Amino acid sequence: MEITEVVHEGLKREYKIVLPASELEAKVTEKLEEARPNVTLKGFRKGKVPLAMLKKQFGQSVLGETLQESIDGAVNKQLADTGDKPAMQPDVKMVNEDWKEGDDVEVTLSYEKLPEIPEVALDGLKIEKQTVKASDADITEALENLATQVQDFETKDGAAENGDQVVMDFVGKVDGEAFEGGSAEDFPLVLGSGSFIPGFEEQLVGAKAFEEKTVEVSFPEDYQADHLAGKAAEFDCSIKEVKAAKKAEIDDAMAEKLGAESLDALKTQIADRLEAEYAEASRMVMKRDLMDQLDEMVQFDVPPSLLDAEAKQIAHQLWHDENPDVEGHDHPEIEPTEEHTKLALRRVKLGLFLADLGSRKEIEVTETEMQQALMREAQKYPGQERAYFEFVQKNPGAQQRLRAPIFEDKVIDAITAEADMTEKDITKDDLQKMVDELDI
């Protein structure tokens, strides 16, 4: 086998590989000899078929298999010898496309190699971690919101308003006929809650106890029950009672309704939850600052193919964000702008750096961490959890999308453990301002 370097420009590499016909023929003969003891052909005893007969019968198929194995072996050997790691799948092409048996095989191997990643003195990074404590005012505000969520209702005189609860019997009809699932008795409906189909609740505003109301609506075109989708319907409603909302008293009884042992225990739970939210927001701010510092400190050439692919992905995603009505990909190709390319350069460079650092520090994502991430994601698809599990198990790309953020967070933790970190107490409003500025 002969290998000649053709291109050596930046990260681009191209080699010409020549596989002599004599080597291929020798490998084909070797494969046939290995198989001969187990081959039976008409007129010959098992294992006694002449080699010439085997070549005539099986030579072409063995040659094709051997050719592919030889090319793959040559490519793998060249990558091993150079130590290069291709940024993307190497491009392997036959030079002599009119190749025939007995000719040498000539192929070209071209790729962009991953760059050498420079090491960074992590203790030179200066990171400020923002800390926020849940204030009494924050806890009181959260309690007020909870009191609204667990509010009770008490009978009122007069007409129903938005926010009031209407207790009623109703019968729904389509084309004058009652339909299954369209009737109920003593049903409590909070007006303005959006619980019923559009247009229903609005027509009950102003209703009074013991009043009969006919509500006329149309089911949405995408309604889950196909036999009702897009149909006009009438609901005969008998209003039994109108109730006004009464905010719950903030006391032990309310806390028990929410699953806490007491009001003090509920306050502790709220404080813990708020501070966990603040810590997550603080980490976002810290991570952006860290990435900004690394972006300045780490400099190396990135593979043009990775940069181009990332820029196109960014441009495509942002286009869909700006055109949410377009669900599919049947649209003109989106050309990346200079801003897209600039953002892509940062992402690719930092992504390669973090991947290299994680590898050198032997950081791995455990099976337990993957399972926890899978469970969290599956909760986003209620009723379809099993289908989601099966999809991820069969889809390496989906597994990588789960693994990547976990790996990145663990690398960030490793960096911050070595960095010069200080903590600073700030207010919730100051932290919110920092978070808002992340999108600028």
Side-chain angles (χ1 to χ4, degrees), residues 10-12 83-89 111-130 279-319 321 334 336-365 369-370 373 396-422 434-440:
L11 298 175
K12 293 183 178 180
D84 291 346
K85 295 180 180 179
M88 301 183 77
Q89 183 68 26
Y111 58 87
E112 292 172 1
K113 60 172 285 189
L114 290 175
E116 296 294 326
I117 309 297
E119 293 191 28
V120 170
L122 300 179
D123 56 2
L125 293 165
K126 295 187 180 298
I127 303 172
E128 187 174 72
K129 181 181 178 181
Q130 318 298 336
E280 185 176 350
S282 175
R283 182 178 175 85
M284 290 171 55
V285 174
M286 180 271 292
K287 184 176 177 180
R288 170 61 69 87
D289 178 46
L290 174 61
M291 291 299 194
D292 288 344
Q293 291 186 58
L294 289 173
D295 191 28
E296 291 292 329
M297 295 173 64
V298 180
Q299 300 299 327
F300 55 84
D301 292 335
V302 304
S305 57
L306 289 183
L307 179 60
D308 182 60
E310 184 66 21
K312 288 181 178 178
Q313 174 62 29
I314 291 171
H316 187 262
Q317 182 60 55
L318 291 178
W319 187 89
D321 291 345
I334 312 301
T337 66
E338 185 177 343
E339 283 300 310
H340 296 147
T341 302
K342 182 179 178 181
L343 178 57
L345 176 60
R346 173 187 167 101
R347 286 188 182 179
V348 172
K349 181 175 68 170
L350 293 179
L352 290 174
F353 173 78
L354 294 178
D356 179 74
L357 182 62
S359 176
R360 285 193 281 109
K361 290 186 173 294
E362 299 182 346
I363 293 174
E364 296 181 351
V365 177
E369 290 167 334
M370 280 293 289
Q399 294 171 25
Q400 178 58 23
R401 285 191 290 274
L402 285 177
R403 181 178 289 105
I406 303 172
F407 177 81
E408 182 176 291
D409 276 345
K410 296 182 77 169
V411 176
I412 294 297
D413 288 340
I415 294 174
T416 56
E418 297 185 37
D420 180 8
M421 179 182 288
T422 57
M434 291 180 173
V435 171
D436 291 340
E437 289 175 348
L438 294 180
D439 295 329
I440 296 176

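Since this is a predicted model, take the numbers as computed values, not measurements.
- A donor-acceptor pair under 3.5 Å links the side-chain atoms of K349 to the main chain of V298, judged by distance alone.
- Between the CD1 atom in I415 and the NZ atom in K361 there is a gap of 8.5 Å [rounded to 0.5 Å].
- Residue-environment remark: CD (E119) stays at or below the threshold of 12 foreign heavy atoms within 6.0 Å.
- With respect to the salt-bridge test (charged N to carboxylate O, under 4.0 angstrom), the residues D292 and R346 qualify.
- A distance of 13.5 Å separates CE in M421 from CG in D123, rounded to the nearest 0.5 Å.
- Atom CD of Q299 has more than 12 neighbouring heavy atoms from other residues, nucleotides or ligands inside a 6.0 Å radius.
- Between I127 and A419, the shortest heavy-atom distance links the atoms CD1-CB, 3.6 Å.
- K129 NZ to L290 CG: the interatomic distance, rounded to the nearest 0.5 Å, is 13.5 Å.
- Annotation: K113, atom NZ; neighbour count of heavy atoms from other residues, nucleotides and ligands within 6.0 Å is above 12.
- The minimum heavy-atom distance between P118 and F353, with the atom names listed, is O-CE1, 3.8 Å.
- Using a 4.5 Å heavy-atom cutoff, the side chains of E437 and V285 are not in contact.
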message = Applying side chain to side chain contact (heavy atoms under 4.5 Å, CB included) to L318 and I334, what does each step give before you reach the verdict?
response = CA-CA 10 Å; L318 291 178; I334 312 301; over 6 Å; no
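- Pairing each heavy atom of L402 with each of A373, the nearest pair is CD2-O, 4.2 Å.
- The heavy-atom pair separating M284 from V435 by the smallest distance is CE-CG1, 4.4 Å.
- Formation of a donor-acceptor pair under 3.5 Å by the S359 side chain with backbone atoms of A355 is not found in this model.
- For the pair I314 and R347, the tightest heavy-atom approach, listed with the atom from each and the gap, is CG1-NH1, 3.4 Å.
- The CG atom of D356 sits 7.5 Å away from the NZ atom of K85 when rounded to the nearest 0.5 Å.
- With hydrogens and angles disregarded, a donor-acceptor distance shorter than 3.5 Å links the side chain of H340 to the backbone of T337.
- The closest side-chain heavy-atom distance from V120 to L357 is not below 4.5 Å.
- Separating the CD1 atom in I117 from the CZ atom in F300 is a distance of 3.5 Å, to the nearest 0.5 Å.
- No side-chain heavy atom of L125 sits less than 4.5 Å from a side-chain heavy atom of E418.
- Residue K410 qualifies as enclosed at atom NZ: its count of foreign heavy atoms under 6.0 Å is above 12.
- Of all non-hydrogen atoms in P336 and T341, the two that sit nearest each other are CB-OG1, 4.4 Å.
- Between P303 and M88, the closest side-chain pair of non-hydrogen atoms is not below 4.5 Å.
- In this structure, L294 CG and L354 CG are separated by 7.0 Å, a value rounded to the nearest 0.5 Å.
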inquiry  = If you apply the rule side chain to side chain contact (heavy atoms under 4.5 Å, CB included), what do you find for R403 with M370, and how did you get there?
reply    = CA-CA 7 Å; R403 181 178 289 105; M370 280 293 289; 3.8 Å; yes
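- Not one N or O on the side chain of E369 forms a donor-acceptor pair closer than 3.5 Å with the backbone of I406.
- With a 6.0 Å radius and a threshold of 12 heavy atoms from other residues, nucleotides or ligands, E364 has its CD atom at or below the threshold.
- Ion pairing of K126 with D289 is absent here, as no side-chain N (NZ or NE/NH1/NH2) approaches a carboxylate O to less than 4.0 Å.
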